[in-house]
Structure formats: C-alpha cells, structure tokens
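These notes concern the structure reproduced below.
Naming: A, B, ... by sequence-line order, numbering from 1 per chain. Any value given below was found using the heavy atoms of this structure, including those in side chains, with hydrogens, waters and symmetry copies removed.
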There are 2 protein chains.
Amino acid sequence: MRALKYAILGLLIKRPMTGYEIAKEFSYELAEFWYANHSQIYPELKKLTSEGHVVFNIEISGDILEAKRYTITDKGIKDFTQWILKDENLQRTPKDIFRLRMYFSNNLEVGSRIHLLENQRLQHVNRLNTLKKIFEQYLEVPSASSDRFGDFLVLRGAIMREENYIAWIDECIMYSKENPQTSPK
Amino acid sequence: MRALKYAILGLLIKRPMTGYEIAKEFSYELAEFWYANHSQIYPELKKLTSEGHVVFNIEISGDILEAKRYTITDKGIKDFTQWILKDENLQRTPKDIFRLRMYFSNNLEVGSRIHLLENQRLQHVNRLNTLKKIFEQYLEVPSASSDRFGDFLVLRGAIMREENYIAWIDECIMYSKENPQTSPK
DNA sequence: GATGTCATGTAACGTGTTACATGATTTA
DNA sequence: TAAATCATGTAACACGTTACATGACATC
C-alpha cells in the first residue's frame, strides 16, 4: 500500500523539501494522524528517487553542510493524484492499548480502575487543550482549495476525537462507580 | 512492550483456550480495538509456553485431530496483573489513511472530495449499525466485576467512536460545500 | 566552549500481513 | 461428496521503532 510514499509526495506537492523538513512536518500538525521517523523517511526518499517520483538537488549551507532538496516529478504527481482519488474500504480499527486494558478491567479493583481512567482522562484533556490552542489560529474557515484547508479539517477532527475519547472515559468512570465490585455476578 | 502477550494472557484468565479459539475471539468483539492473525498467535503461544506463562495439554477430537488447550500459569497471572495496573502515557495517535487523504484534499475537485467523504460515511454508518445491534443484547449494565463488563465498555466506546467519526465527516462535507474550490486563495 | 538545531544515514529488532502448506471433522 | 469449519504451523515481506553513528552550523 505504501502510505508513507503518498504522505511524502503530498507534502512535496506543496513545496520542495529536504528529508529533515519532512520529518519536522510529521512531528508537528501531521502528528495528529500520521508520523514517521527520519530513519523511515530517508530510505523512502531514496526509493522514490530510484523510481523517478522525485528528484533532488544538493544545497550547501555554510561551507560544507549538505542538504538534499527533493522536488516531485510529473510521474510523482500523476501517481499521487491517482492514489488520493481511490475510495478505499475502512481500515482495520486501530489497536488501542488502553481499550485493551479496559476490556480486561474486571481483573482490577474499582479503585485501581478509576485511577487508570482518571490518569488517562488527564492526559487527553491536556492534549485537547493543546489542540484547541492551535485551532484558535484559524479565525475563519480556509478556502477549500487552499493548502490550509486539509490542515483545518484534520485539526478539527483531532479535537472532536479527543472530546469523544474523554466522554467515553467519563462514561467508564460513571459505570464503574455505579456498579461497585461487590455486586453479585 | 509485547501487547499481544497480554491480550492472550487476559483471554486465558477467563478460561483455557486453543490457539484457534483465541484467533476467533480477536475476530469477533475484540476486533473493535484489537486484532491478530493466527500466524502471529501460534508463535506467541509457543513463546509464552517456553517462558512458563502458559501450559497446554492436547485434546483429541474424533480420531486424530489434535488441539492444544492452553492454560495460564500463576507466573502468567502475576505478570498480567502487573501489566494491567501500569498507567501508561498516551500512545502515538494511530495512523489514519482517510485523514491523510483529507489533509491533502485541496488537490481534489469539490465533487471528488465529497464523493470520497460520502463513501466513507456510508461505511461508518454500516459499521455503527452492526455495533448497535450487538449492543442491544445488553439489556442492563453488567456488574463491574463480571467478565462482560469490559466487553460492554469497549462496545460502548466503539459506538461513540463511530458516531463521532460520522459527525466529523459531516462537518467536512459541510465545509467543502460552503467553500467551493473557486473561492479566492 | 557548550548546547541546540540542522542534516543524513544504517542496523537491529519488534510487530503485523499475506501467502504457503497441510490435513481432519462436521454439516448440508 | 462438496463446502464449511476446526486446527496448526512456517516463510516472506512490509512497516515501524530504537539505537547507533557522524558531523556541521548557530547561538549563548
């Protein structure tokens, strides 16, 4: 499927970038739904070059330090355009370790369960607040053709996802308190 | 981290099972937040056996067909109990290919974008309906100590997640229609 | 001169998917 | 007797993470 390939090509359509810059993009906004380490990115860029989807030229900053700035080719654009149009079936539901813990939570005392839930809740609230702060930068909805539109949509999606996760945790806490462990099986 | 290990141990606490039965569990309810193929499960069971977390005895159905029924050991229970108590930091946000497509959706015409969104919406609605049908089986909230309680919580979580995803898609459709591609950058 | 950022790469390992491979038992 | 289900395993490959490895440049 090579999703990383298309994530990189999509970024390079906006502007030519170095591997280092691509890695940074993945750790800022994109991190809300995609991520890759530089150890994955550099080999992928090599592969994309050998396939003719990208080309690079070397830039020198200072006296020695080299950076490869990659540009997407026509072939790369064509391939990306075909990919983004495909409507695919739903992915397998992503693995969620906390949900796995909750699935087995009958093995915990009520106190421990609620402690785990509260801890998780706090972390999601923190993340939600961070996301909301970023979202405040959008004073209006960007035009659907602007390259900030996608960013706006996924940021909104990330906020909704966090709010929803917190709502689920709150339900879990409520049910745990209503049905203390001493209830009959 | 070995999450699969704990997923298997957690199932074996409920009752002794064969590898085949474990695989089936993963493809029914657990599939809403966890999944593993039999090609992952059998080697993991072998490893758990060599580590002393589980033991098995061979059952024969019919004349020849052998099945290994695995039972969790005290060591396995102890290890699982320690694992479930750990409060961990949030996982990295799971990768979501559809969100990746939407991030780059300024490269699409409005029509194609809305087509993708509608298709995705339909699939989530179908899944939601399936989940709701399963949820109807719970006429009341199971006791917090019953082994159906975890199942109840994650099923409720899956329903909320699907409803929320649909709500996000609806927002995306709305914004796409409000801001047609012809708007000025 | 120390720390942080820029910049690129490889190696080892862990996890996950698809395909290959085999055969017994049950049910329609 | 054909198809579905029961039952177990391996191999090859794809994807992802952590660690190893190196060095330049900028700022305090």
Side-chain angles (χ1 to χ4, degrees), chain A residues 1-8 11 16-28 30-31 33-51 54 56-70 88-97 100, chain B residues 1-8 11 16-28 30-31 33-51 54 56-70 88-97 100:
Chain A
M1 208 206 343
R2 299 198 50 198
L4 177 60
K5 167 183 168 180
Y6 296 105
I8 290 175
L11 288 175
M17 293 170 90
T18 67
Y20 189 83
E21 286 169 345
I22 291 169
K24 268 202 299 182
E25 287 289 310
F26 281 128
S27 54
Y28 296 155
L30 257 82
F33 62 96
W34 205 267
Y35 183 79
N37 286 299
H38 75 272
S39 57
Q40 247 189 305
I41 293 165
Y42 290 121
E44 186 64 38
L45 282 169
K46 216 174 197 177
K47 202 174 175 186
L48 288 172
T49 305
S50 74
E51 291 166 341
V54 300
F56 66 86
N57 57 306
I58 292 170
E59 282 178 3
I60 295 181
S61 28
D63 290 324
I64 301 167
L65 191 64
E66 290 187 355
K68 295 180 181 169
R69 187 161 299 273
Y70 288 87
E88 264 166 13
N89 294 333
L90 257 40
Q91 303 172 242
R92 176 109 54 208
T93 309
K95 294 187 172 166
D96 184 331
I97 290 181
L100 185 66
Chain B
M1 208 205 343
R2 299 198 47 198
L4 177 60
K5 167 184 169 180
Y6 296 104
I8 290 174
L11 287 175
M17 294 170 90
T18 66
Y20 189 84
E21 285 169 346
I22 291 170
K24 267 203 298 182
E25 288 289 311
F26 282 127
S27 54
Y28 297 154
L30 257 83
F33 62 97
W34 205 265
Y35 184 77
N37 287 299
H38 76 272
S39 57
Q40 247 189 304
I41 294 165
Y42 290 122
E44 187 64 39
L45 283 168
K46 214 173 199 177
K47 202 174 175 185
L48 289 172
T49 305
S50 74
E51 291 166 342
V54 301
F56 66 87
N57 57 307
I58 291 171
E59 281 178 3
I60 295 180
S61 27
D63 292 322
I64 300 167
L65 192 62
E66 291 187 353
K68 295 179 181 169
R69 188 162 299 274
Y70 289 87
E88 264 166 12
N89 294 333
L90 258 40
Q91 305 172 241
R92 175 109 54 209
T93 308
K95 294 186 174 168
D96 183 330
I97 289 181
L100 185 65

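The residue among B:R92 and B:R69 whose nearest nucleotide of DNA chain D is located toward the 5' end is B:R69. Along DNA chain D, the nucleotide nearest to A:L4 and the one nearest to B:A67 differ in position, and the one closer to the 5' end is contacted by B:A67.
The nearest pair of heavy atoms linking A:Q91 to B:I97 is OE1-N, 3.0 Å. Looking at every heavy atom in both residues, A:W34 comes nearest to A:A3 through CH2-CB, 3.4 Å. When all heavy atoms are compared, the tightest approach of A:E21 to A:P16 is OE1-O, 4.3 Å.
Remark: B:A67 engages B:T18 in a side-chain contact (heavy atoms from CB on, under 4.5 Å) (not counting sequence neighbours). With sequence neighbours excluded, the residues forming a salt bridge (charged side-chain N to carboxylate O under 4.0 Å, His left out) with B:E51 are B:R2, listed by chain and number. With sequence neighbours excluded, the residues that form a side-chain hydrogen bond (donor to acceptor under 3.5 Å, both in side chains) with A:E59 are A:R69. Not counting sequence neighbours, the partners of B:T93 by the side-chain hydrogen bond (donor to acceptor under 3.5 Å, both in side chains) test are A:R127. Remark: A:Y35 pairs with no residue by the ring pair (Phe, Tyr, Trp, His ring centres under 6.0 Å) rule, at least two apart or across chains. Annotation: side-chain hydrogen bond (donor to acceptor under 3.5 Å, both in side chains) contacts of B:E66 (sequence neighbours excluded): none. Residues forming a salt bridge (charged side-chain N to carboxylate O under 4.0 Å, His left out) with A:K68 (at least two apart in sequence, or on another chain): none.
Contact check, B:K24 against D:dA7: no side-chain N or O comes under 4.0 Å of OP1 or OP2.
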Next item on the list: Take B:I41 and B:F26 through the side-chain contact (heavy atoms from CB on, under 4.5 Å) test and state the conclusion after the steps.
Entry: CA-CA 10 Å; B:I41 294 165; B:F26 282 127; 3.6 Å; yes

Check: Given the rule in the side-chain contact (heavy atoms from CB on, under 4.5 Å) test, do A:I60 and A:L65 qualify, once you have shown the distances and angles that lead to the verdict?
Finding: CA-CA 6 Å; A:I60 295 181; A:L65 191 64; 5.9 Å; no

Notebook entry, point to check: Could you go step by step and tell me if B:L48 and B:F56 meet the side-chain contact (heavy atoms from CB on, under 4.5 Å) rule?
Noted result: CA-CA 10 Å; B:L48 289 172; B:F56 66 87; over 6 Å; no

Next item on the list: List the steps, then state whether side-chain contact (heavy atoms from CB on, under 4.5 Å) holds for A:L11 with A:L30.
Entry: CA-CA 10 Å; A:L11 288 175; A:L30 257 82; 4.3 Å; yes

Check: protein-nucleotides 25-28 of chain D nitrogen or oxygen pairs below 3.5 Å:
{"from": "D:dC25", "atom 1": "OP1", "to": "A:S61", "atom 2": "O", "distance (Å)": "3.3"}
{"from": "D:dC25", "atom 1": "OP1", "to": "A:D63", "atom 2": "N", "distance (Å)": "2.6"}
{"from": "D:dC25", "atom 1": "OP1", "to": "A:I64", "atom 2": "N", "distance (Å)": "2.8"}

Any N/O pairs under 3.5 Å between the protein and nucleotides 1-4 of chain D? List them or say none.
none

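A nucleotide of DNA chain C counts as in contact with chain B when one of its atoms lies under 4.0 Å from a heavy atom; the first and last such, 5' to 3', are C:dT15 to C:dT25.
Considering only heavy atoms from C-beta on, A:V54 stays 4.5 Å or farther from A:I8 through its side chain.
In this structure, NZ of B:K95 is placed 16 Å from P of D:dA14, rounded to the nearest angstrom.
A:K5 comes within contact range of no nucleotide atom at all, as no heavy-atom separation falls under 4.0 Å.
Residues of residues 37-46 of chain B having a heavy atom closer than 4.0 Å to DNA chain C, listed by number: B:N37, B:S39, B:Q40.
Between the axis at the start and the axis at the end of the helix from C:dG1-D:dC28 to C:dA28-D:dT1 there is an angle of 30°, using five pairs per end and rounding to 10 degrees.
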